[in-house]
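Notes to accompany the following structure.
All values reported here derive from a predicted model rather than from experimental measurement.
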Amino acid sequence: VTIQPARGAVRPEPRVRAPSVQRRPWTKDRVQRAFFGVGRWVVIALFLVAVLVPFYYMVLLSVKPIEALLQDPSSLVVSPSEFTLSTYVDVLSSTASGGQGFSQFLLNSGMVAVASVALALLIGIPGAYAIARLPFFGRRQVSSLFLASYLFPAILMAIPLFVFFTRVGLRGSLLGLIFVYTAQTVPVAIYMMRNYFETVPESVEEAGLVDGLSRLGVLRRISIRLAMPSIMSTGLFVFMIAWNEFLFALLFLVDRRESWTVSLGLSQLSGSVEIPTTVLMAGSVVLTLPIIITFFATERLLTGGLTAGAEKG
Amino acid sequence: VSSAATTTSARIRKKRTLRQQDARLGLALMSPTLLIVLVIVVFPLLWSILIAFQRLRLIQIGQADPFSPLTTANFERVVNSGVLWSSLQTTLIYTLGSVTLAVTLGVIAALAVRKPFRGRSFVRAAFLLPYVAPVVAVTFIWRTMLNPQFGIVNQFGQAVLGWNQPIPFLSQAQGELLGIPIPTALLTAMAFEGWRYFPFAFLFLMARLAAMPSDLEEAALMDGATPWQSFRYIVLPQLMPIIGVLVVLRTIWTFNEFDDIFLLTGGAAGTRVASVQIYNLLTVQRNVGAAAAQSVVMSLVLVCLLAGYMLILRRRGERA
């Protein structure tokens with residue numbers, strides 16, 4: 001009993017010390033506070049430069065003629081007399097009319113990405129709901145199966161898929177690519193949506209059941225509507241993965257130019273010497289812009305959906 | 001009495017079937033996902049382990065037979081060629097450097113934008129750009145920026161930093177910095193990885209920081225802790241679990257990374273990591289069996305790495 005007050009007596013010490021900190025001008029604390037206070041802005045500025053300059057450079061080169069770039073490669077602005085959009089005309093117009101055919105690639109990429117989103121959601125939503133709500137056999141093992149498949153390099157599964165798709169005639173078709181992208185994204189999609197389905201109060205669903213809805217009816221009429229934000233962000237996530245993907249497009253489509261995606265088209269053409277860098281930069285902008293627009297329009301939704309589980313630590 | 005008993009048992013039976021119905025429905029709802037993952041991911045993985053033990057050339061791929069005789073020739077070939085070990089070594093160095101850089105930059109960025117300020121949401125979104133932009137586009141931009149003839153980096157270096165000659169960042173295997181030999185292209189590739197993947201760490205660390213209760217830090221401030229002490233002893237320990245997860249995820253992904261290196265250097269100039277080596281075995285040497293064998297070896301190394309990491313973590317956990 002007597003020890004307790006003794007401990008308490010030690011406690012006021014920092015409070016006594018606190019004012020003296022203010023009197024001495026160069027304590028460790030003040031130096032550090034000043035350093036981190038300024039350093040924070042320096043860090044933010046440096047990061048912003050590192051992140052934004054490459055994208056600025058991309059847009060800059062895409063609106064310049066190649067001669068202007070070679071003449072003054074260190075210039076970071078474009079003069080009004082040099083400004084041109086002919087690079088975009090060149091890159092977008094079809095090969096028949098002397099361009100690089102990126103319009104066709106855009107169409108291919110768009111079709112593949114949208115179809116992958118549709119398919120991944122179509123099979124992912126029921127899957128996520130089942131994991132969140134329905135006690136089926138093997139429910140716990142499913143997640144570890146998904147996780148384990150991520151341990152292996154994509155190229156390892158590409159080899160047999162190459163054989164398999166050649167056999168069934170899917171290699172070289174966009175349909176084969178859609179299946180691969182769906183299979184690659186569906187485990188993450190299920191993880192993202194499952195978290196959300198679990199937050200839908202069970203009592204709401206039970207009320208639906210009592211009112212005579214079937215389980216499927218509950219899923220369709222209640223749960224999906226409530227989980228819409230998560231479904232949207234999952235869809236965007238799948239879209240980005242499918243739009244950006246490169247390896248499988250390379251392996252399956254490389255010898256069929258008419259089915260190239262934008263990513264594959266740019267990577268194949270950027271190796272050639274005949275096409276000016278500025279034209280290819282216009283191709284880069286065409287490839288990047290849809291993603292950046294989607295991303296900035298939906299940033300909060302998307303990042304919230306991805307990190308939903310991270311707050312728990 | 002008997003009628004009451006039957007209704008109870010009927011109710012129990014009905015209840016059980018409802019649960020069974022739910023279970024059956026669960027499996028039914030899950031089956032499309034299982035089907036596509038099994039067909040496109042699991043089945044190919046198993047098949048490629050089988051191919052690793054068979055002779056298979058790219059020309060014969062049309063008649064590839066899963067039941068052809070088994071052999072360890074592929075493994076002998078891969079292990080004896082010497083290329084395996086050099087590519088594994090490159091992969092390990094590359095993974096270590098890239099993961100460290102990406103996670104460290106992610107921590108710094110997350111701490112810098114922790115406190116609210118004007119334009120914070122723009123800065124946050126901008127920081128995520130390298131990660132969301134298509135890999136083909138960003139590697140092309142980097143290659144152009146680092147181009148020795150007209151790239152902006154070499155122009156800037158020569159004009160402002162006083163470099164005597166342009167640095168071939170992506171095509172020079174061995175360079176020199178202050179007299180010390182350095183692997184130029186490999187370091188450039190790591191810098192690229194740090195640039196491209198710090199947003200991933202940043203995103204998750206931001207979420208964790210936002211959810212962190214502030215009372216501990218306030219108490220430390222009252223007790224006279226300096227900002228560094230507060231970070232070192234209060235914030236960092238709370239970030240450690242998520243940093244651990246990020247390190248594991250980034251290690252797996254960087255170790256298996258193909259796109260970035262392939263698009264930046266094509267595996268030239270001392271950057272031939274294992275996955276690019278496998279791609280070459282497959283498309284240049286056209287030896288499917290050897291490619292599969294090397295993938296299997298690579299996956300085994302990764303599994304060992306992760307197991308070792310988990311073991312260290314568990315030991316530490318026990319000591320603490």
Side-chain angles (χ1 to χ4, degrees), chain A residues 14 17 28-29 32-33 36 40 43-44 47-48 50-52 54-55 57-58 69-70 73-74 123 126-127 129-130 134-136 149 151-153 155-157 159-161 163 166 179-180 182-183 186 215 240 244 246-247 263 266-267 270 277 284 287-288 291 295-296 299 303 307 310-311 313, chain B residues 22-23 25-27 29-30 32-33 36-37 40-42 44-45 47-48 51 61 64 108-109 112 123 125-127 129-130 132-137 140-141 144-145 150 152 155 159 203-204 207-208 211 223-224 226-228 241-242 252 256 258-259 263 275 278-279 288 291-292 295 298-299:
Chain A
R17 210 194 281 154
K28 220 181 198 174
D29 188 76
Q32 280 189 17
R33 239 164 252 287
F36 286 119
R40 179 164 156 248
V43 165
I44 291 176
F47 267 94
L48 271 183
V51 163
L52 293 178
F55 292 99
Y57 190 67
M58 166 178 83
L69 170 67
L70 295 177
S74 59
I123 70 176
Y129 182 77
L134 304 173
F136 62 91
S149 60
L151 262 183
F152 297 94
I155 196 151
L156 181 63
M157 80 190 205
I159 298 168
L161 275 182
V163 181
T166 311
F179 285 137
V180 173
T182 305
V186 115
R215 265 289 175 188
M240 284 188 175
N244 291 352
F246 170 67
L247 173 62
S263 276
L266 181 63
S267 75
S270 68
T277 303
S284 284
L287 169 62
T288 313
I291 287 296
F295 174 69
F296 267 96
E299 186 250 334
T303 54
T307 58
E311 281 88 350
Chain B
D22 268 1
L25 182 67
L27 212 54
L29 292 181
M30 201 63 219
T33 307
I36 197 164
V37 172
I40 308 251
V41 181
V42 178
L45 283 175
W47 190 2
S48 81
I51 290 178
I61 214 157
I108 295 173
V123 169
F127 279 10
L129 277 181
V132 297
V135 62
V136 178
F140 180 62
I141 299 168
T144 311
M145 288 180 79
F150 55 82
I152 191 75
Q155 289 295 322
L203 186 59
F204 283 82
R208 184 73 192 88
D223 283 349
T226 64
W228 172 253
I242 190 98
I252 296 174
N256 293 335
F258 169 80
D259 299 359
L263 290 164
S275 55
I278 294 167
Y279 180 80
V288 184
S295 319
M298 191 181 151
S299 308

Next item on the list: Please determine which of B/Ile152, B/Ile141, B/Thr144, B/Leu129 meets the side chain to side chain contact (heavy atoms under 4.5 Å, CB included) test together with A/Pro54.
Entry: B/Ile141
Note to self: I'd like to know which of A/Val43, A/Leu69, A/Ile155 tops the heavy-atom pair count under 4.5 Å against chain B.
What the structure shows: A/Ile155
Next item on the list: Quick one: closest heavy-atom pair of A/Phe296 and B/Ala125, and the distance?
Entry: CE2-CB, 3.5 Å
Next item on the list: To the nearest 0.5 Å, tell me how far A/Met157 CE sits from B/Trp47 CH2.
Entry: 14.5 Å
Note to self: Shorter than 4.5 Å, heavy atoms on both sides: which option in B/Ile278, B/Val135, B/Ile51, B/Leu263 has the most such pairs with chain A?
What the structure shows: B/Leu263
Checklist line | Residue pair B/Ala133 / A/Thr288: nearest heavy atoms and the distance that separates them | finding: CB-CG2, 4.1 Å
Check: Relative to chain B, which segment of A/Phe179 carries a heavy atom at a distance below 4.5 Å: side chain, backbone, both, or neither?
Finding: both
Notebook entry, point to check: So what's closer than 4.5 Å to chain B heavy atoms on A/Val180: side chain, backbone, both or neither?
Noted result: both
Next item on the list: Side chain from CB out, backbone as N, CA, C, O: work out which of these in B/Ile252 comes under 4.5 Å of a heavy atom of chain A, or both, or neither.
Entry: side chain
Next item on the list: Please report the shortest heavy-atom distance between A/Ala130 and B/Gly26, naming the atom on each side.
Entry: CB-O, 3.5 Å
Next item on the list: Could you please spell out the steps behind the side-chain contact (heavy atoms from CB on, under 4.5 Å) verdict for B/Trp228 and A/Asp29?
Entry: CA-CA 9 Å; B/Trp228 172 253; A/Asp29 188 76; over 6 Å; no
Checklist line | Closest approach of A/Pro160 to B/Pro44 (non-hydrogen atoms, all atoms of both residues) | finding: CG-O, 2.9 Å
Check: Is it the backbone or the side chain of A/Ile291 that comes under 4.5 Å from a heavy atom of chain B, or both, or neither?
Finding: side chain
Next item on the list: Side chain from CB out, backbone as N, CA, C, O: work out which of these in A/Leu52 comes under 4.5 Å of a heavy atom of chain B, or both, or neither.
Entry: side chain
Next item on the list: Looking only at non-hydrogen atoms, find the nearest pair between B/Ile36 and A/Ile123 and report the distance.
Entry: CG2-CD1, 3.6 Å
Note to self: Among residues at least two apart in sequence or on other chains, which ones pass ring-ring contact (aromatic ring centres under 6.0 Å, His included) with B/Tyr279?
What the structure shows: B/Phe258, B/Phe262
Check: Given B/Phe127 and A/Leu48, is the side-chain contact (heavy atoms from CB on, under 4.5 Å) satisfied, shown in steps?
Finding: CA-CA 7 Å; B/Phe127 279 10; A/Leu48 271 183; 3.9 Å; yes
Note to self: Heavy-atom pairs under 4.5 Å with chain B - which of A/Val186, A/Leu70, A/Leu247 has more of them than the others?
What the structure shows: A/Leu247
Checklist line | Largest heavy-atom contact set with chain A, pairs under 4.5 Å, which of B/Pro134, B/Ala109, B/Ala291, B/Ser295 | finding: B/Pro134
Notebook entry, point to check: At their closest point, which heavy atom of A/Ala183 faces which heavy atom of B/Val37, and how far apart are they?
Noted result: O-CG2, 4.3 Å
Check: Taking every heavy-atom pair that is under 4.5 Å apart, which of B/Pro227, B/Ala292, B/Ser299 has the most such pairs with chain A?
Finding: B/Pro227
